[in-house]
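This report concerns only the one structure given below.
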Amino acid sequence: MFNRLIILAAAAGLVFSAFPASAQDWKAKYPELVFAKVPDENASGTTNRWTPLAEYLSRELGTKVTLRIANDYAAVIEGQRAGNIHIAMYGPASYARAYIIGAKVEPFAIEVNGDGTKGYYSVLYVKSDSSYKDIKDLKGKNLCLVDPNSTSGNNVPRFAMDKMGIDPEKFFSKVVYSGSHENAVIGLAQGTCDAAFNWWNDEKESNLLRMERKGMAKAADFRIILKSEQIVNSPMAYLGSLPADLKAAIKKAVLEIAVKDKAAFDKIYEGKQLPFVEVDHKAYEAVIDLTKFVDGLRKQKS
């Protein structure tokens, strides 16, 4: 069983105050803002999905917002620590990593599922026609993870396997980091691995279903043999060092995008998510604890 450490943390909506009308000071200091997204799907898909949001923010803030698609999750985290990435959209573990290494970041908006919940799951896929019924059946086989800083593609799986007495590097013949959730599924389809961890919201939305809609995979070709407890949804976070009125303007724009530019918002989630709502650091404290636990596992092996 997965520990309650990773159960969805409550993310209560809060009322926020209006920001000052004059923003000339921060506009002079920040003629351009960088919005970064972790590469949980291929670069072209991520660009198509998130470019409208960057364009919307540019209009709402009155300053250029540039979309940056990082090569890996760590690039976004390090970019924030260096102060080069002003706003980031990433998974809970990536925020946790940024916080742990000392990046001054503040989560301010959280994804909301179509049913109103604010959580998702890590699932382990195998091919539908395989004989595997349980993770124990995969001893000596190849496993695809996603990225060392992926929540559902690495940290939650490693936490869960440790609780089951499984050391991935010893239990499996090979553990492969695919780089993205899409690549993990492709690796499974092509036989690079015999099982792959991935994110899954519910029966109506998952990375696999998104890939099916893009013609990249057939959902019926895969089945789930393991599912985690619910994990708090992904945050959007900005640098804590940004001026208060700029942060207020960014938050206001993001929380209002589903109304002010529904097409841009629907482009991100293909009409399957509800509007962003406000969130803060407290919602991710359990994920930070989980990330530190997984760090401890790695140190034990080094």
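We use all heavy atoms of the structure for the numbers below, so side chains are in, but hydrogens, waters and symmetry mates are not.
Within the 3.5 Å criterion, the main-chain N or O of Ala109 finds no donor-acceptor partner in the side chain of Glu278.
For the pair Lys204 and Lys272, the tightest heavy-atom approach, listed with the atom from each and the gap, is O-CD, 4.2 Å. Scanning all heavy atoms of the two residues, the minimum distance from Trp26 to Pro243 falls at CB-CG, 3.8 Å.
Inspection of the Asn198 and Asn207 side chains reveals an N or O donor paired with an N or O acceptor under 3.5 Å. In the model, Asp147 has no side-chain atom that pairs as donor or acceptor with a side-chain atom of Asn154 under 3.5 Å.
Heavy atoms from other residues, nucleotides or ligands lying under 6.0 Å from NZ of Lys174 number 12 at most. Residue Tyr121 places its OH atom among more than 12 non-hydrogen atoms of other residues, nucleotides or ligands, all under 6.0 Å distant.
Lys218 has no carboxylate O lying under 4.0 Å from a charged side-chain N of Asp221, or vice versa, which leaves the two without a salt bridge. Note on Asp266 versus Lys262: salt bridge recorded, some NZ/NE/NH1/NH2 to OD/OE distance being below 4.0 Å. Salt-bridge check for Asp295 with Arg97: passed, with a basic side-chain N closer than 4.0 Å to an acidic carboxylate O. Using a cut-off of 4.0 Å between Lys/Arg side-chain N and Asp/Glu carboxylate O, Glu60 and Lys252 are scored as not salt-bridged. Using a 4.0 Å cut-off between charged side-chain N and carboxylate O, Glu78 and Arg81 make a salt bridge. Under a 4.0 Å N-O distance rule, the pair Glu270/Lys214 does not qualify as a salt bridge.
Here Tyr30 and His86 bring their ring centres to under 6.0 angstrom of each other. Residues Tyr120 and Trp199 keep their aromatic ring centres 6.0 Å or farther apart.
Ile77 shares a hydrophobic cluster with Ile101; the chain of contacts runs through ILVMFWY side chains whose heavy atoms sit under 4.5 Å apart.
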**Asked** For Val156 and Ser228, what are the C-alpha separation, side-chain angles and deciding distance, and is it a side-chain contact (heavy atoms from CB on, under 4.5 Å)?
**Response** CA-CA 8 Å; Val156 168; Ser228 76; 3.8 Å; yes
**Request:** Please step through ring-ring contact (aromatic ring centres under 6.0 Å, His included) for the pair Phe276 and Phe265, ending with a clear verdict.
**Result:** CA-CA 9 Å; Phe276 293 108; Phe265 179 73; 5.7 Å; yes
**Audit row: Phe197, Tyr125, side-chain contact (heavy atoms from CB on, under 4.5 Å) steps and yes/no** = CA-CA 6 Å; Phe197 279 100; Tyr125 285 118; over 6 Å; no
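Note: Phe108 and Tyr238 have parallel aromatic rings, judged against thresholds of 30 and 60 degrees for the angle between ring planes. Aromatic ring pairs are classed by plane angle as parallel below 30°, tilted from 30° to 60° and perpendicular above 60°; the pair Tyr95 and His281 is perpendicular.
Phe171 meets the ring pair (Phe, Tyr, Trp, His ring centres under 6.0 Å) test with no other residue; sequence neighbours excluded.
For the side chain to side chain donor-acceptor pair (under 3.5 Å) with Arg210, the qualifying choice from Glu41, Glu205, His181 is Glu205, the only one to do so.
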